[in-house]
Structure formats: structure tokens, C-alpha cells
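This is a predicted model, so every value here is computed, not measured. Each chain gets a letter, A, B and so on, in the order the sequences are listed, and its residues count up from 1.
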Amino acid sequence: MKTATPTSDRLLDLSERFLSGPSGETQSAFITLLKELRLAIAVGHFDDASRVLQRTISPSLDYTSALALYRIRKDLRGRVTQPISLRLAVLGGFTTTQITGFIDLCLFALGIEAHIYESDFGVFRQEILAADSPLYEFQPQVVWIGVSRRDLAHRPTIGNRGNAAQAVVDAERNEWASLWAAVNQHGGCHVIQNNFVLPPWRACSNYEMREEGTFGRYLADVNRALADEPPPYVTIHDTDHLAAAAGRWSWDDPRFAHHAKLPCAPEHLLDYAYNVASLLAVQVGVTKKCLVLDLDNTLWGGVIGDDGLGGIRLGHGTAEGEAFLAFQDYARTLQQRGILLAVCSKNTEETARDVFVNHPEMLLRLEDISSFKANWDDKATNLQAIAAELNIGLNSLVFVDDNPAERAIVRRFTPDVAVPELPDDAAGYIEAIERHRYFQTLSIAAEDLQRAQYYRTDALRKAVQTSAVDLNTFLQSLAMTAQISPVTTASLERTVQLIQRSNQFNLTTRRYSAAEVLERVSDPLSVTATVSLSDRFGDNGLISIAFASPKNEALEIDLWLMSCRVLKRGVEHCLLNHLCAIAKSGGLVKLRGEYVPTPKNGMVRRHYADLGFTEVESDETGRTVWELELDTWEPLPHFIAIQVASETETT
Amino acid sequence: MTRDEIREQVEQVFQDVFQDDDVRLRDDMTANDVEGWDSLMHVNLIIALEKRLAIKFAAAEISRLTEPGQNVGNLLDLVMRKRSQRA
């Protein structure tokens, strides 16, 4: 039989049939999809194949299917360009071949091209401790220490209690901490360290956690010791939680541990990989910021336009109503930790808003929703409007809708938006979303807890702005105060987070890790500046960062970024004045700035021109270099009162 | 399931795992006769067989199948025995 060349549309249809088609057809759709993807690659349609592969990768794949997709991913290596790349070293105490492939697959789905170094099985200590090992030659950005409880340096003894038990825990912790220090010293890169999975069996049964010398209690104590204030360049990967969530007997498959040194049962490997990959993605700035929710049959049962306030199912008393309530509670918890919520629903706006105001069992309130779109436009258009209104990229959105047709349309027309498959039953929504690890984070800063508040006060500011006669009057009326200070221990987490998250107002998009930021802070020649801004509506938190260092009589700015929440407020002028003052006091004669274009940072293409710099260099990639002579320079005007913190309490 | 039905199912698993629709199983075949049947692929094969046929191999059985002298016929016998124990 002759097969026609697969077209992009046909591949997309097959992928959609596999993702959301009737359950009886998914397996045959998958087999056809695999064949057509291979055919597409054979005839050179790499970009089509790549796009369809990316949307087909999902945490619900079984091991064999994920493996089949990974082979296709391998066939595409070097044939498609990804927007972001990452150098990862995998140091395994167990066989890492399978999970490393899956991590690569998950990163590929997120648009990240991973260059991976895999150490031989079980030699991670030697690799880390030898400064001239191939590990450091590879120059990784991130090192994942993928170990299991079989790699522990010490074992507890039942009967050990008090100081004797604690001493073993401390020794274990220090063993790993010394490896982190070595990685930091020789490689200067970020470390992801597995914690240890508690086994399902217990020598002391229910008393296990009470008796200090037991294996279970020991692992729990070691995990706690690891989690307790690791250095900023270390992220603890909570493997134990994965096992607990999967069920410990199900997670452990000792047959494959004994035969092939696999870290867990094969069917959990993809879940494991998703979690590791999500931590890596945050490192390079790939993260979701906003959960966009449909309303009817997503936040409540029924259709508000048909069933009315009294007819929709929500709240205590019915199983269905409780399931929707639990989902709202989940969304609200995400909102409290800094994820924005938005509504995107086909409804009359007034009817939709009325539920939030007047339904007695609604957990989510209007003030929890940062952007509310209830109308009859198509959802792809509304999602674009939401992204624009919140000043974030489409690829920062996760769209949740119970209707498979809407999901398919959004996947087709706004492919940058993440659209998880949902089960028919609302009781399964949380798991379906959670398994994707969309909202991974390396830290929670004060700014996260305040984020919704920032966006709310923004609405107030906009109201004032419309009433103010001109921009200057408006800016004056805000009564802004800025605090400018070097990066400190207290601001390190937020600084790194902003470096990882900012895309638009970001001149060079250099994703410095915590280790690299610390290095800059400890370098006496290097300048780090952070700006925190408050005004009469509230505190905006730490919103702008610049890094610079002296070079050839100039202060060279290699990083300048700002949160888009505070655009057009004069913060750029403040920061420039600050940098100029530092340069002058150091006897330097000019400032030098660089713009490196990305698909997202077009808004700052003219940043240095607007500040009075002159272009001195440009190349075919669009990268430009700018200089500002200081001898005739005058400080730029703004309406912000400045507090410059002295260099106390630096790390 | 008859031995031929088992062979058909196992053959499909081989085709999926080795991504080769032309794989045909004979009792006297060994790992050397199937391209790419290394220790890694052996694990992948076992995982896929367990899922497709709803059986479970013991740790020792997984290892034994890789020993010299073992062939596809031994594998089919083992699968057949497990399927009949299941019923």
C-alpha cells in the first residue's frame, strides 16, 4: 500500500485522536501516528514532526509508548533547532540510561535542547571529586546527582538513639554536602540532589518513625537534614514524595532493581523524569505563571446560562459538587503561592461574574482572578488577550477546559499554551494537571506570596492613571520610593528567580544560576544592583536587576532586566543614575551596554538608545552594543525617592 | 491461549519494541538473531511483555533468559506457563 506524504494537518489530527479520541481508538491512533512521524522524518519534514511530537508527549504515556516517542526524538536530534539549550550532567548511582532518555524527552516537549553527559553507573563520587574528570571537561550548567538509598554512605543501627543516632545522620548529610561543595568548586554549576526514598517495608512496623535507629526513621531524618537550608546552588529533588504519591510498594520494583539497577518500577520512570525535567526547566527560565480556567463543568457542574445559580452543582452535599469544590480549593492554593488565575469562558460576562459574587459555595472570588474573559469570542483569541493583559507570554499559560473540542482548538491555534488532557470526572482534574509539573519552582520568595496583591493594586493604579491629567502628575501622585542595593543573602532567592523568569524587559536574557550570582556577589570588582519599589498603593517588591563589571575604562552591563509590572514608572532612569554614579566613583569614563535579541525581548531593543547611549557595534544576529560617555552626562529625571543601601550584609 | 496465539502476541511486542514490523519469531532464535537485542532492550522487552500479556516475571527468570543457550522457544514456554497459571 502506498502511503501519501504526511502533512502537518494529518499529523496534528492523529496526535489529537491519540490524546483525546475515544479510548478504544487511542492505541491504533498511536501506532499510526508513530509510523507517520517516522515517515515525516524520512522525507525531511523535521519541523512538522517535531511540533507534533512535542504536543504528544504527556505524563500519562506508558513506558513502552514513551520509549517509542523517545526514539523519534533521537531521530530529530540535530535536525531541529530549539529556542533554549541546557548542558546537563547526570551522575547516577543507578542505571540512568532510561530515565535520562525520558528527561531529554520531557525537556524536548518544553522546547529545550538538552546536551547530556552521563557518567558510568556508580562512579559519581570519583567524577565529582577529581577536578580533571570528564564531568568538568563537559562544562555542565546543572549536575543531577541521581542516587538512591543503595548509595547511602552510612547505615543506622537499631538501638542507636539520641546523639549516637544523630551523629550518623550528620555524617551522612556531610558526605553529600562535601560532594556539592566539590561540584561548586570545580564546576561552578547548579546541583540537583536526590533525596532518599523510604522503603515500603519496616523492621519496626508502625513504630518505625519513633525508633531513631530504624532505616525508615534514618532516611526521614537524612531527608530532613538535606532539605534544611542547603546552599543556594543546591536543589533537593524530592524523590521520596514521588514514591509516596505513587504508593511505595508500587514505586519499588525490586526485580528491576536487582536485574538492571533501575531506580523504580519502569511504569513510574516517566513520572520521575517529568519531575526532574521540570526542575531543570525552571533553571533555564521555562515555567508557567498562570492557570486559565474555563467555568461550566470545569469550576462547577452544569451550565450557568442554562441551569442558573440554583441549578449548577457546586459545594457540599453531592459528590460532584464536592469534586468541583476540591478543584477550586487546589486552584486557590496555587494562587496563594503566586500562580495567577484567569478565567476564559463562553458565557455572558454578567452571568459568569454573578456566580463568583453570589454563589454561597464558591471558593474562588472575583479578586482571586487576575484576568476575567467571559464572552463569545473564540478561546484562542481570549487567551491572547489574557496574556497581553497580564504582560506574560502565551507559553506561560496553562489552559484547563473540560471540553475536548475547545482543548483541540486551543492546541491548534495557540500551540504555545499548555493544554492538559482532563478526565471526564472532575474528581480527576487535580491529578491530571499536577502530573505535568507545570508550576515547578526552586524557591518561594515573599514576592510570590504577594503576587496577586501586586496585580490588584495595579488595577487601582490604572484607575488613577486614567483620572490623572498627564503622565508626570500621575507618576508624582504615586509617591514612589525605590531601594537600590547589591544582592544580599535575603534577596538572593528572589534575584535568581527574576533572572530565571523575566523574558520581555530583559536585555541579554542570561539565566545566571544561584552559584553564578553568588560568584558575582563575592567578586569585589563586580557590581550587582537590585531595585525594590513601593508606592502609595503598596509594595511592588524586588522588580529590577542589573549586573556590571569594569572593563577597559568602562562599566560593562551584562545583565539588565525588570518586571513588566513596573514599566514606564522611571525605574530605568533610577538604575542608570545609580550605575553611572558607581562608574564615576570608580574612575571609569563610560558605560557599555549590550542588547541580545530573543523572540520575546523586542520591547527593549531601543532601551539604550532611549537612555542616551550611542550604538557602537552590531552584528547579523541583531545583537547591538552601546556606550554612554560619562564626562558630559547628567543624571536623568524621575519621580522616585531613592534609598541606596550600603554594602552591608552581602553574602 | 494456544502456543501459536502466544507467539503472535509476543511477536507483536517484539515488533513494537524493536520497531521492526518484519520481526518473525522462531523457537530457535536467540538474542544474537535480533538486531539490537542487548541488555537494555531486554529490559524494555520484559516490561512490554508484562504489560501486554498481564503476566509477571520473577527476577531470576528475567536474568535467566539472557543466559547462553536460552532462546525464543524458552521465552514462549515461560509466557505460556505464566498465562495458564493466571487462568
Around atom CD of E5(B), are there more than 12 heavy atoms from other residues, nucleotides or ligands closer than 6.0 Å? yes
Does atom CD of E35(B) have more than 12 heavy-atom neighbours, drawn from other residues, nucleotides or ligands, at distances under 6.0 Å? no
If you count heavy atoms of other groups shown closer than 6.0 angstrom to CG of D424(A), is the number above 12? no
Side chain from CB out, backbone as N, CA, C, O: work out which of these in L262(A) comes under 4.5 Å of a heavy atom of chain B, or both, or neither. side chain
One should read off an interatomic distance between R52(B) CZ and D62(A) CG, to the nearest 0.5 angstrom, of 10.0 Å
I need the residue from D253(A), T95(A), L34(A), L67(A) with the largest number of non-hydrogen atom pairs under 4.5 Å to chain B. L67(A)
Rounded to the nearest 0.5 Å, how far apart are CD of E50(B) and OH of Y63(A)? 12.0 Å
Using side-chain heavy atoms (C-beta onward) and a distance below 4.5 Å, is I47(B) in contact with Q98(A)? no
Pairs of heavy atoms under 4.5 Å with chain A: top-ranked of V43(B), T66(B), I46(B), D21(B): V43(B)
Toward chain A, the part of E61(B) with a non-hydrogen atom under 4.5 Å: neither
Take atom NZ in K261(A); do more than 12 heavy atoms of anything else shown fall under 6.0 Å from it? yes
Are there over 12 heavy-atom neighbours, none belonging to H241(A), within less than 6.0 Å of that residue's NE2? no
Quick one: closest heavy-atom pair of H259(A) and S63(B), and the distance? ND1-OG, 2.9 Å
Check whether any side-chain heavy atom of T64(A) lies under 4.5 Å from a side-chain heavy atom of K51(B), and answer yes or no. no
For D16(B) and R71(A), work out which heavy atoms get closest and say how close. O-NH1, 4.1 Å
